[in-house]
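Data first, discussion second: the structure below is written as structure tokens.
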Number of protein chains: 2
Amino acid sequence: MVAATRKADFARYKAQAQVLKALAHPSRLLMVEELSHGERCVCELAGMVGAQMPTVSRHLAQLKHAGIVEDDKRGAQVFYRLKTPCVMNFFQCVTSVRENADR
Amino acid sequence: MVAATRKADFARYKAQAQVLKALAHPSRLLMVEELSHGERCVCELAGMVGAQMPTVSRHLAQLKHAGIVEDDKRGAQVFYRLKTPCVMNFFQCVTSVRENADR
DNA sequence: GACACGCTTAGCCACTTGGCTAAAAGTCTC
DNA sequence: GAGACTTTTAGCCAAGTGGCTAAGCGTGTC
């Protein structure tokens with residue numbers, strides 16, 4: 001059963017890594033923080049990030065795939081919002097890690 | 001000052017992304033969880049991860065560079081330990097994100 | 001229907017990541 | 001110092017990432 005347990009653990013770590021990877025990009029972090037203040041359409045986020053819309057759209061697709069945001073099409077626009085506001089807890093943790101790292 | 005603020009924000013997001021990226025790999029997550037139970041030498045971790053030692057050594061170098069672990073050379077061996085146990089808080093957060101994602 | 005608008009997809013590119021093997025470097029024993 | 005042992009570094013390669021432009025697709029307006 002040890003092998004089976006390790007296999008299950010590995011699958012769990014892989015899934016967790018997927019979520020972390022989705023957050024591990026400056027532009028995506030910026031978007032997540034912005035979305036914590038309320039829903040935004042793609043063009044608004046593109047303006048803030050300072051990248052082309054196709055690029056931003058793909059970043060959002062990654063966040064959506066990881067289950068961090070969800071989209072809502074209204075007319076010609078698509079609004080994104082945080083699906084799991086708990087994500088914001090990361091920011092504190094990450095900051096404290098960084099502060100310890102600098103020490 | 002808006003431009004300067006945005007620039008500083010971007011630098012902050014970039015630093016945070018570095019920490020998240022360091023954690024965003026199944027093998028590294030496994031090692032971090034293992035290290036949360038106490039210090040381990042490289043060969044022990046290599047056995048758990050199931051990878052070659054050079055590979056594990058490089059993963060550990062990434063974690064060290066991100067400020068997540070620190071090393072302690074004792075004789076021919078190198079022991080690693082968590083520098084910021086706070087990292088363990090991530091696991092809960094990530095899990096809850098995943099559960100919401102599956103829903 | 002024609003057009004503008006917002007967003008996504010596809011294709012291309014440079015760059016990074018993560019695995020391996022081989023070689024080097026440091027430490028302990030004899 | 002020779003040899004065994006642990007760890008790191010270097011070099012290679014396949015696969016993934018992230019940016020761009022161009023093209024496609026759905027929606028609202030005239």
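In what follows, chains carry the letters A, B, and so on, assigned in the order in which the sequence lines appear, proteins first and then strands, with residues in each chain numbered from 1.
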Determine the contact category for [X]: base if any of its heavy atoms lies under 4.0 Å from a base atom, sugar-phosphate if only primed atoms, P, OP1 or OP2 are that close, otherwise nothing.
X	result
E44(B)	nothing
R74(B)	nothing
K21(B)	sugar-phosphate
Y80(A)	sugar-phosphate

Is the charged tip of R40(B) near the ring of Y80(B): under 6.0 Å from the six-membered ring centre and within 45° of its axis?
->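 Verdict for Y80(B): no cation-pi partner in R40(B).
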
Does the side chain of [X] get closer than 4.0 angstrom to OP1 or OP2 of [N] through an N or O atom?
X	N	answer
H59(A)	dT17(D)	no
Q52(A)	dG18(D)	no
T55(B)	dG19(C)	no
H25(B)	dG19(C)	yes

Assert: residue with more 5' nearest nucleotide on DNA chain C, out of R58(A) and K73(A), is K73(A)

Between [options], which nucleotide has the shortest distance from any of its atoms to the side chain of [X]?
X	options	result
P54(A)	dT27(D), dT21(D), dT8(D)	dT21(D)
A76(B)	dT27(C), dT8(C), dG6(C)	dT27(C)
S57(A)	dT9(D), dT8(C), dC20(C)	dT8(C)

Is any side-chain N of the basic residue among E33(B) and R28(B) closer than 4.0 Å to the acidic one's carboxylate O?
-> no

